[in-house]
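The basis for the numbers below is simple: all heavy atoms, side chains too, and nothing from hydrogens, waters or symmetry mates. In what follows, chains carry the letters A, B, and so on, assigned in the order in which the sequence lines appear, proteins first and then strands, with residues in each chain numbered from 1.
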There are 2 protein chains.
Amino acid sequence: MNGKNNLAAISDRTGYSVSTVSRVLSGKAEKYRISQSAVERITKEARRCGYRPNLVAQSLRTRQSQTVGLVVPGIDNPFFATLASIIISQLDARGYHTLLADSRESEREERQALEMFQDRGVDGILAVPVASSPEFHEEVGANVPLVLIDRYFQETSLSYVCTDNYAGAYMAAQYLVDKGYRRILAIQGVPASMPNRERVRGFLDAIKGHGVESRVVGDAFSVENGSRETLAAFAGNPGAYDAVFAFSATILIGTISALRKLGLTEGTDVGVISYDNNGFLDFMNPPVTRVEQPLQEAGEIAVEALFSLMEAHRSSLPRPAPVQQLVRPTLIIRESC
Amino acid sequence: MNGKNNLAAISDRTGYSVSTVSRVLSGKAEKYRISQSAVERITKEARRCGYRPNLVAQSLRTRQSQTVGLVVPGIDNPFFATLASIIISQLDARGYHTLLADSRESEREERQALEMFQDRGVDGILAVPVASSPEFHEEVGANVPLVLIDRYFQETSLSYVCTDNYAGAYMAAQYLVDKGYRRILAIQGVPASMPNRERVRGFLDAIKGHGVESRVVGDAFSVENGSRETLAAFAGNPGAYDAVFAFSATILIGTISALRKLGLTEGTDVGVISYDNNGFLDFMNPPVTRVEQPLQEAGEIAVEALFSLMEAHRSSLPRPAPVQQLVRPTLIIRESC
DNA sequence: ATAAACAGCGCAATCGTTTGCGCAAAAATG
DNA sequence: CATTTTTGCGCAAACGATTGCGCTGTTTAT
């Protein structure tokens with residue numbers, strides 16, 4: 001084309017100043033009482049040459065980027081992929097774009113991502129935190145609106161929206177107990193994470209006083225962890241446990257894979273129950289009983305909370321009280337235990 | 001803190017000009033022959049106050065953003081989630097950040113995303129295109145490095161990296177024929193997309209001359225489509241087909257769900273075969289035979305291609321010849337047919 | 001001794017937009 | 001007709017970083 005395609009170019013071609021062109025094209029024409037004739041001439045020229053504002057310059061000047069940063073501990077995990085999908089849709093619906101980062105469960109990478117978000121001037125941040133203590137997140141949260149999701153910290157003033165992992169695990173364990181299982185292996189995810197700790201607590205509380213032998217093992221929300229721990233527990237002792245509680249769908253896959261390798265069948269030889277929902281779980285053999293987390297709802301609440309923080313931030317109003325909410329999961333009963 | 005935290009502030013506090021501070025902090029000290037003493041004083045002060053460059057300003061000035069845009073047709077689809085995950089990791093490893101957009105199979109939203117990417121000055125774009133013709137993408141590709149992935153266009157000068165869908169579908173169909181199936185229902189995804197067209201072509205070519213009755217139905221890579229089409233095909237006529245070829249894992253889920261609802265069992269009553277790989281497929285009942293696409297490999301090649309385009313673009317060198325590559329899928333044989 | 005080379009750094013323009021302030025002309029008021 | 005108000009628009013300074021050019025002073029070559 002004609003080389004440049006910015007306000008200055010339109011200014012040149014219409015004879016109006018850059019200021020006027022800017023005001024017209026950013027919809028502030030009447031606020032600044034620009035004449036009808038100017039508005040028409042300018043919008044016509046802008047349309048003609050397909051003008052599009054440079055968002056980088058706009059961000060620099062206005063300190064708003066129409067972008068939020070989202071950091072998750074592993075986008076390859078279907079759970080976080082689903083969560084990300086839900087959040088991206090929500091943001092999109094509000095006209096915001098998403099910078100997506102993956103911390104891979106690493107505190108260092110998480111810090112980098114959060115710093116990068118700030119350096120790029122995002123308007124807000126949604127994070128599934130990985131760090132073991134809230135200091136850094138709180139520091140970041142003091143500068144830019146920040147809402148935690150899925151994981152959170154004790155005693156923090158940050159907003160968070162999570163599912164009630166204590167209740168979820170409690171329901172699952174109680175169900176196993178009711179079904180008569182008495183030797184239960186729980187395979188956990190990342191031990192330090194709040195959801196995991198809450199699940200362990202819910203699990204232990206539910207089996208307490210029922211004469212259940214149990215062990216909690218494992219260290220990651222991964223297929224590999226599920227497989228390794230299951231092998232370790234059952235190899236050489238096929239009757240070691242009568243049920244397995246997998247703390248995530250990924251872990252479940254590892255567990256089932258290992259059971260099969262050992263010649264055990266889930267559901268009959270060993271009861272299994274899982275966390276997370278997933279279209280596949282209904283078509284496994286047997287269909288898997290599981291705790292479903294209301295991710296859509298959690299995502300909606302989190303985004304809502306973030307936007308009210310952002311709104312206050314924009315107007316330099318006092319920060320609204322933090323939203324700290326747990327949403328209730330539900331037990332989906334099938335045939336695996 | 002001390003209010004601002006930019007080059008000017010450091011300039012004030014050290015007595016050196018903004019230029020010198022900039023050159024030191026952006027690692028160009030020796031190129032511009034800055035003295036040791038200046039370098040030390042400045043880096044010390046920068047460390048003290050935790051200086052971090054404003055990436056928005058940097059982008060505006062240098063026209064580089066260390067960002068690439070990624071647009072997929074549905075991040076909620078596990079296939080694209082996996083692809084996105086792979087690509088984000090690759091970009092991250094090269095120090096690039098990712099703006100992720102979801103076109104939801106809508107040409108309009110795809111255009112919006114691509115335009116937004118340009119407005120934000122991304123350094124490159126990776127796209128799973130949705131449009132039916134390449135014009136718009138070619139236009140964009142003329143301005144900013146662009147590589148297509150998973151889907152592509154005929155006769156385009158754009159780079160693309162996809163799997164060989166013709167070969168994949170051919171293998172699958174041939175396997176069904178070899179197994180003796182003669183009435184095959186193929187449930188396709190988005191009809192106009194190149195992978196889908198190639199799969200249809202591969203499917204039809206493979207069954208040709210073998211006396212196979214077949215129909216190709218459906219219009220989306222979704223669970224709902226799989227379920228709807230399966231119901232329509234088998235309701236009132238349980239023996240309508242002896243095998244179903246699902247063109248994606250999501251479609252497969254819908255198909256199995258529908259078969260069960262109709263009292264049919266996949267594998268025995270009706271053979272099923274699927275496209276895509278997925279940890280769950282091995283643990284369904286029965287385990288599902290499927291065509292696995294080498295996504296990791298495709299992602300690596302695509303990112304590699306993108307970076308060589310970006311490199312040339314940065315140095316205003318002539319654009320290297322487009323990379324147009326198909327990578328070969330493999331058939332994973334299990335027990336569902 | 002004079003010129004040339006070089007070391008070390010700053011000036012000021014630039015990227016594209018936004019916006020407070022002010023200025024002139026036109027319109028309204030007394 | 002003199003004053004005030006309103007209308008319509010432009011000047012220029014931001015936002016924070018980068019970089020071509022040039023300016024001083026010192027060192028080296030001729």
Specify the separation, in whole Å, of atom CG of A:Asn54 and atom P of C:dT14.
-> 17 Å
Taking the six-membered ring of B:Phe136 as reference, does the NZ or CZ atom of B:Arg111 fall below 6.0 Å from its centre and within a 45° cone about the axis?
-> yes
Base, sugar-phosphate, or nothing for B:Ser22, non-hydrogen atoms under 4.0 angstrom?
-> base
Figure out the CG/P separation between B:Leu7 and D:dT19, and round it to whole Å.
-> 12 Å
Ignoring backbone atoms, test whether A:Thr20 places a side-chain nitrogen or oxygen under 4.0 Å from the OP1 or OP2 oxygen of D:dG10.
-> yes
May I ask you to say what A:Arg63 touches in the nucleic acid, namely base, sugar-phosphate or nothing, with a heavy-atom cut-off under 4.0 Å?
-> sugar-phosphate
Taking every heavy atom of B:Ser85 against every heavy atom of A:Asp76, the minimum-distance pair comes out as OG-CB, 3.2 Å
Spacing of A:Arg23 atom CZ relative to D:dC9 atom P, expressed in whole Å = 10 Å
For A:Gly15, which contact category applies under a 4.0 Å heavy-atom criterion: base, sugar-phosphate, or nothing?
-> sugar-phosphate
Got a second to check how far B:Glu40's CD is from B:Thr14's OG1, nearest 0.5 Å?
-> 13.5 Å
A:Lys4 has an atom NZ; how far is it from atom P of C:dT17, in whole Å?
-> 10 Å
Rounded to whole angstrom units, what separation is found between the OH atom of A:Tyr16 and the C1' atom of C:dT18?
-> 20 Å
Would you jot down, in residue-number order, the residues of residues 26-38 of chain A having a non-hydrogen atom under 4.0 Å from DNA chain D?
-> A:Tyr32, A:Arg33, A:Ile34, A:Ser35, A:Ala38
Do A:Phe307 and A:Tyr96 have ring centroids that are under 6.0 Å from one another?
-> yes
Taken to the nearest whole Å, CZ/A:Arg41 to C1'/D:dC9 is 16 Å
Residues A:Glu105 and A:Arg151 bridged, charged N to O under 4.0 Å | yes
Rounded to the nearest Å, what distance is computed from the CG atom of residue B:Leu25 to the C1' atom of nucleotide D:dA17?
-> 11 Å
With a non-hydrogen cut-off below 4.0 angstrom, is A:Val18 in contact with a base, only sugar-phosphate, or nothing?
-> base
N/O (side chain, B:Gln58) to phosphate O (OP1/OP2, D:dG16) under 4.0 Å | no
Donor-acceptor pair under 3.5 Å, A:Arg61 side chain vs C:dT17 base = no
Is the gap between the ring centers of A:Phe80 and A:Phe221 under 6.0 Å?
-> no
Between the base of D:dC11 and the side chain of A:Ser19, is there a donor-acceptor distance below 3.5 Å?
-> yes
Kindly indicate whether the side chain of B:Leu114, heavy atoms from C-beta on, has any atom under 4.5 Å from the side chain of B:Val71.
-> yes
Could you state the atom-to-atom distance from CG of B:Asn6 to P of D:dG16 in whole Å?
-> 5 Å
Classify the side chain of B:Ser59 and the base of C:dC15 as holding, or not holding, a donor-acceptor pair under 3.5 Å.
-> no
